[in-house]
Structures are given as structure tokens and as C-alpha cells.
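Notes follow the structure.
Values in this document were obtained by computation on a predicted structure and should not be read as measured data. Throughout, numbering of the chain's residues begins at 1 and tracks the sequence. Counting starts at 1 for both ligands and their atoms, following the listed order.
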Amino acid sequence: MTDVAPWMTRLVDTLDGVVAGAKKPVALHEPWFGGNEGAYVKECVDTGWVSSVGKFVDRMERDLCAFTGAAHAVVVANGTAALQLAYQLAGVKHGDEILMPALTFVATANAASHAGGVPHFLESEEGSMGVDVDALDAHLKRVADVQVDGTYNRQTGRRMGCVVTMHVFGHMMQVERLAEVCARYRLPLVEDAAEALGSRRNGKHAGTTGLLSALSFNGNKVVTTGGGGAILTNDPVLGKRAKHLTTTARVPHPWDYFHDEVGYNYRMPNLNAAMGCAQLEALPGMLERKARLAAAYASALRGNPDASFVAPPPESQSNHWLNAIRLARPSMEERDALLGLLHQRGLMCRPIWKLMHRLPMYAACPRMELTVAERLEGTIINVPSSVMLAPAGPTA
Ligand SMILES: *Cc1c(COP(=O)(O)O)cnc(C)c1O
């Protein structure tokens, strides 16, 4: 292992200074329960409405539409299930390729496998860390063959079912430009907006540009329901089908059990939705505090020669889910020595994900040149980002 260099100690001191006063160890991201979470969950227990239907499920779907501007929201068991259904509803058939960034959390790719698809990994851009739209356009010009029954990959012979984009750490990539490219190649666009609840680009909320999108309410996300997710869409037919398929495809009837296709039990229990409704009430305040913490990191790192703060791209308003720093020197050995030092100091930092094609089950998948994605993989580190760490502000 590489020795600890003086610059590493200085950087750890700088980061430690931002969260000074926090109890060690400082987790990467902890949930914040300062509102009606307990009261709403207790109401479910008191009334017996804990399971697959209830007023909080309906309310959470309405609240998500109101907050994001999406026409339809369907809450489900987790973000991975939301993604799988989004791919299927976008028209992915067994054996289709699903184009997605190589730099993502494994769920984006796992959901593709669950939907019967084959991931096809795309290059990232330095700024937003999301899909590089120009590189994808050039790639599609080479490999895409648009036919009446779909767009095919000339190199593999497989149909391409959809393109998936992901807004890394809540920083929104150029989704409107990506939508144009997808339309040109007749590929439906799905947004993995699991990390981006509360993020907007030119005023438009994450997950409302693509045909469908997925949110996650896992315990480490901005809003948590313990475990949970949602499908968003502006298409009324797909919105209705998402609800139908995630609730066993049962045809509504006072007593009859008639199911008209193979459905899923992907429902979010009312108990979890109760927590979600309380979290959504608190979301604007949480976003404000997360923005203050991000500003504190940005200011502490200004002019630092060894690492820079990863700022949200222009035209976008990030939810600052996970703050990230970019190391000046791309060296895995130095990165790991620094992570060791951060952990010793009680700062539970972690590197960005390994690229998907490095995982055994995705090693043989088709992929673009991943030069930028590889550089990001070796230089990006997440730093503690919980709402509670925010410095006091005007409304704290
Ligand atoms: C969290 C996350 C998911 C999956 O969410 P779960 O609710 O944990 O299934 C999917 N994609 C990305 C990018 C995520 O960060």
C-alpha cells in the first residue's frame, strides 16, 4: 500500500474541518427524521392499514406528482423494481440491449437483467459524470441500424430496447439533448433518477424528460421510506399500466380475482408510504440544508491543488445527495491510501462505483470506449453528506 503523503493529511484535515463537531464516525449519508414520520407510521399501526393499500400510498403518489411535475407516479417496493418495470414498459423485449452508463450503481444493470435485457455500456462526460451525449451520438451513428420493428446494433445483431441515463449523485446530465439523440434513433429514453429527487435542470425535475423514470427511497437516499421506489411518467397509458403491473395485474372488481396478465407484487406498503409522506413534507427544508453543506465543502476546497469539489453542472439545480471531490492525481494506490486515512479519522468516505463491465456478470457486455469513465472511477470520492451535517443557516 502507498504511504501516506503530506498532501493526504492536509486534505483529510480540510474535509474534517467541514464536519467539525459531528460525532465520529461520520457516516456517508444518514436519514433525517424530524417531522411527522413517527406520527404517520403510528397512524398505520393504530388503524391496521399497514399493507398493500391505504391512504398514504395514494397520498404519496399525489405528492410526488405535485413535487416533480410528473403526470403519473406509482410507488413500488424499491428503486430496482421501478427500473425493471420502466424498461419493460418502455418496450424492452427479451434479448434486447439496454444502453446505460458504465459508471452507475449496479441496480441500473441488474434491473436490465431482470427485464431480460443485455446491458450495453456507455461513456461518461467529465462535467456531470453522466452519459456523454456527443460520444453516444457518434457511437449510434456507427452501430445503430433503424428498422421498422426497432433499432438494431449492427455489431451484435441484437435489437436495442431503450437508452437509460442516470443523474450521478443528484447532478443532472444534459437530459434534453440526450432525448433529442434518442428520438433520432427511435430509442425510448428511461431516466434512472434514483439519486435525483429534488434535482432540476432548467426548472424541469429529474425523471420528467424521459418516457419513464425511476426514483429510489432506500435508506441512504435523500428521501427514505425504509425501502421503496417510484415510477414516474407523463404518459397516461403507461402510468395506468405501471400501476396495473405492479399490483398483480388484477382487474378491479368488488370480489373477483381476475388477473389479465403476469403481474408483479411490487407494491409499496402503506406503512412505508406513511414515512414517505412525512419525508416529502420535510424535503424542501432538507434540500436547503444539503445545499449549505455542499457550499461549505466547495468553499473549504477552493484553490486546493490536490482535490476539487465536484460542482453541479450549469443549468442544473442539484439535490446534493452525495457530495464528491475529484482528486488531482489519477492513481488508485493514492486514492486507496487516502480512503484509509479518512476512515482512520472517522470519515466514512467511499470511492465512486467500479465500472459495470468490471463485475463478473457484466464483463462480456458490449461497451464503448470508456476513457473518461475510467478516469472518474479512479479520482472521485464521496464525502459525508447527511442533512444533519449542514452548518447553521438563516432558517436552521
Ligand atoms: C439507489 C439506486 C438504485 C436502486 O434503488 P433501490 O431502491 O436500492 O433498489 C438504482 N440506481 C441508482 C443509480 C441508485 O443510486
Side-chain angles (χ1 to χ4, degrees), residues 27-31 60 64 73-88 90 98-115 117 119 121-122 124 128-131 162-173 175 178 189-199 206-207 210 212-232 242 246 264-269 271-273 275-276 279-280 290 310 318-324 350-356 359 362 373 376-377 380 382 385-386:
L28 192 65
H29 200 281
E30 284 183 310
M60 189 166 176
L64 281 171
V74 176
V75 291
V76 295
N78 56 60
T80 310
L83 274 174
Q84 182 202 332
L85 255 290
Y87 300 160
Q88 286 182 212
I98 300 183
L99 286 71
M100 64 177 69
L103 187 64
T104 187
F105 177 61
V106 70
T108 320
N110 284 344
S113 305
H114 300 158
F121 298 120
L122 309 178
S124 308
S128 70
M129 301 174 290
V131 168
C162 69
V163 172
V164 188
T165 190
M166 201 276 274
H167 304 292
V168 180
F169 308 145
H171 290 358
M172 283 191 70
M173 54 76 67
V175 65
L178 178 61
L189 174 62
V190 173
E191 289 180 74
D192 180 347
E195 305 181 352
L197 179 61
S199 301
L212 294 137
S213 71
L215 299 175
S216 167
F217 311 117
N218 191 39
N220 62 346
K221 296 296 189 336
V222 175
V223 154
T224 186
T225 58
I231 301 166
L232 303 181
T246 53
Y264 299 86
N265 178 11
Y266 279 175
R267 286 178 284 225
M268 175 185 286
L271 198 58
N272 301 74
M275 182 181 276
Q279 288 263 286
L280 286 174
K290 289 181 79 67
V310 179
S318 181
N319 64 2
H320 300 285
W321 171 52
L322 282 188
N323 291 295
R350 65 165 197 219
I352 200 166
W353 315 281
K354 279 190 175 38
L355 300 184
M356 288 302 108
L359 305 180
Y362 299 124
L376 290 166
E377 179 187 37
I380 302 287
N382 289 121
S385 299
S386 306

Enumerate the atoms of ligand 1 whose separation from the nearest heavy atom of [X] is less than 4.0 angstrom.
| X | value |
| --- | --- |
| Gly228 | 7 (O) |
| Met166 | 13 (C) |
| Asn78 | 7 (O), 9 (O) |

* Whether Trp321 and His29 hold their rings parallel, tilted or perpendicular, with breakpoints at 30° and 60° ->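 Tilted: the ring planes of Trp321 and His29 meet at 30° to 60°.
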Starting from [atom], find the nearest protein heavy-atom neighbour and note its residue, name and distance.
| atom | result |
| --- | --- |
| atom 4 (C) of ligand 1 | Ala107 CB, 3.7 Å |
| atom 11 (N) of ligand 1 | Asp192 OD2, 2.8 Å |
| atom 15 (O) of ligand 1 | Glu195 OE2, 2.6 Å |
| atom 9 (O) of ligand 1 | Thr80 OG1, 2.6 Å |
| atom 2 (C) of ligand 1 | Lys221 NZ, 2.8 Å |

* Give, for atom OG of Ser385 and atom NE2 of His320, the distance between the pair rounded to the nearest 0.5 Å. =>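 Spacing of OG (Ser385) from NE2 (His320) equals 10.5 Å.
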* Asked: Taking the minimum heavy-atom distance to atom 5 (O) of ligand 1, which of Ala82, Ala194, Ser216 ranks first?
  -> Ser216
* **Gly227 to ligand 1, any heavy atom closer than 4.0 Å** => no
Do [X] and [Y] come close enough that some side-chain heavy atom pair is under 4.5 Å?
| X | Y | result |
| --- | --- | --- |
| Met356 | Thr108 | no |
| Leu215 | Leu232 | yes |
| Phe105 | Thr80 | no |

* To do: Work out which heavy atom in Ser124 is nearest to a heavy atom in Leu103; give both atom names and the distance.
  =>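 Closest pair (atom of Ser124, atom of Leu103, distance): OG-CB, 3.7 Å.
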* To do: Indicate the atoms forming the closest heavy-atom contact of Ala242 with Ile231, along with that distance.
  => CB-CD1, 4.1 Å
* Asked: Hey, are Ser318 and His171 close enough side-chain-wise for a donor-acceptor pair under 3.5 Å?
  ->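 Distance-only check passes for His171 and Ser318.
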* Under 3.5 Å between some N or O of ligand 1 and some N or O of Phe217? ->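 No.
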